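Take a look at the structure below.
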Amino acid sequence: MTHDPLLEGTEAPDGLLAALAGLAADAPRGLFDRIAARWVHVPSPIGELGVAFTDQGVAYVHAGEGFAEAFRKRFARPLLPAERPPAGLLPALRTGRPSKVRLDLRGLSDFQRDVLEAARTIPRGEVRPYSWIAERIGRPGAVRAVGTALGRNPVPLLIPCHRVTRSDGVVGDYVFGSAAKERLLLAEGADLERLRELAGERVFYLASDTTGVVCFPTCHNARRITPRHRHGFRTVAQAAAAGYRPCRTCRPAA
DNA sequence: GCCAAGGCAGCTA
DNA sequence: CTAGCTGCCTTGG
């Protein structure tokens, strides 16, 4: 539930929205735009997205039917069409890189913010387990809660929660369904086929005996290991026992 | 405030 | 080796 002090008590019947909209014509332009959200449609690998944004940045991304209803269910804010997408939105979607676009994440709990923050650091084409996020935010036991938080990610794709997968090798669930998750990952160049192969052999980490480092299989460092120097491990502990230290880039849990 | 329900993980049969 | 069962932690009702 979003708490916006600006809009306390506006359960927003249409009449009020209309009144506010009328007010906007005469009010200084900035005021109404601080209250309202604008929306656009943009293309994506999983079809057309509805994207809502405020003066602070993108606040909501939705795939499939019912964009406006879903938005209103979550935000007590009027929603109006926009002329153009907010700065950086299209590049961010194209490159899958963070920081190309501003986000409006007000109203989230600290926990959820931490989770999203961590998810945002996963590079395009790579994946990390839910437990990795839990570790990184200092709540190793909150694995399940991480899933819940990601499930409520207001800005999927922009914060790449689709890059968080289960530690048994299955892609896992997703706000827009696991099929969409898989399509997104494939579109980003993640080698899911290979991951499945490895998982079939109970291999969840790859190490290099030339560098002495152990990585997640999708880490760009792991992808460059020459086959004859590559060793698979089921756990980081086993890799450590064999003398490998965790990669400083992908940081598999020690 | 309590309870049930989650985008999971790890262990037991 | 897979299927289930049990713990864990945050949220929404």
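Convention: sequence-line order gives letters A, B, ...; per-chain numbering from 1. Predicted model, so just to flag it, every value in this text is computed and none were measured.
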Tell me what [X] touches on the nucleic acid: a base, only sugar-phosphate, or nothing, going by heavy atoms under 4.0 Å.
{"X": "Y130(A)", "result": "base"}
{"X": "V175(A)", "result": "base"}
{"X": "T148(A)", "result": "base"}
{"X": "V146(A)", "result": "nothing"}
{"X": "S178(A)", "result": "nothing"}

Working to the nearest 0.5 Å, report the span between CG of L79(A) and CZ of F71(A). 5.0 Å
Kindly list each side-chain donor-acceptor pair under 3.5 angstrom involving residues 109-116 of chain A, sequence neighbours excluded, with atom names and distances?
unit_1	atom_1	unit_2	atom_2	d
S109(A)	OG	Q112(A)	N	3.1
R113(A)	NH1	L105(A)	O	3.1
R113(A)	NH2	L108(A)	O	3.1

I'd like to know if R163(A) pairs up with E188(A) as an ion pair, taking the criterion as any Lys NZ or Arg NE/NH1/NH2 lying under 4.0 Å from an Asp or Glu carboxylate oxygen. yes
Does the pair E126(A)/R223(A) count as a salt bridge with the N-to-O cut at 4.0 Å? yes
Involving DNA chain B, stems made of at least three consecutive Watson-Crick or G-U pairs, both distances under 3.5 Å: B:2-6 with C:9-13, B:8-13 with C:2-7
For DNA chain C, what residues of [range] have any heavy atom nearer than 4.0 Å?
{"range": "residues 189-200 of chain A", "answer": "none"}
{"range": "residues 134-144 of chain A", "answer": "R139(A), G141(A), A142(A), R144(A)"}
{"range": "residues 56-66 of chain A", "answer": "none"}

Between dA5(B) (P) and L150(A) (CG): distance, integer Å: 21 Å
From CZ of R74(A) over to C1' of dT11(C), roughly how many Å is that when rounded to an integer? 12 Å
What's the closest nucleotide to the side chain of [X] if the choices are [options]?
{"X": "F111(A)", "options": "dA9(B), dG7(B), dT10(C)", "result": "dT10(C)"}
{"X": "D173(A)", "options": "dG12(C), dG7(B), dG10(B)", "result": "dG7(B)"}
{"X": "A145(A)", "options": "dA9(B), dG6(B), dG7(B)", "result": "dG6(B)"}
{"X": "R202(A)", "options": "dG10(B), dT2(C), dT11(C)", "result": "dT2(C)"}
{"X": "R152(A)", "options": "dG7(B), dG12(C), dA9(B)", "result": "dG12(C)"}

If you define the side chain from C-beta out and look only at heavy atoms, does anything of N153(A) sit under 4.5 Å from V61(A)? no
Are D104(A) and V58(A) close enough that some pair of their side-chain heavy atoms sits under 4.5 Å apart? no
Output all residues satisfying ring-ring contact (aromatic ring centres under 6.0 Å, His included) with Y205(A), sequence neighbours left out; order by chain, then residue number. F216(A)
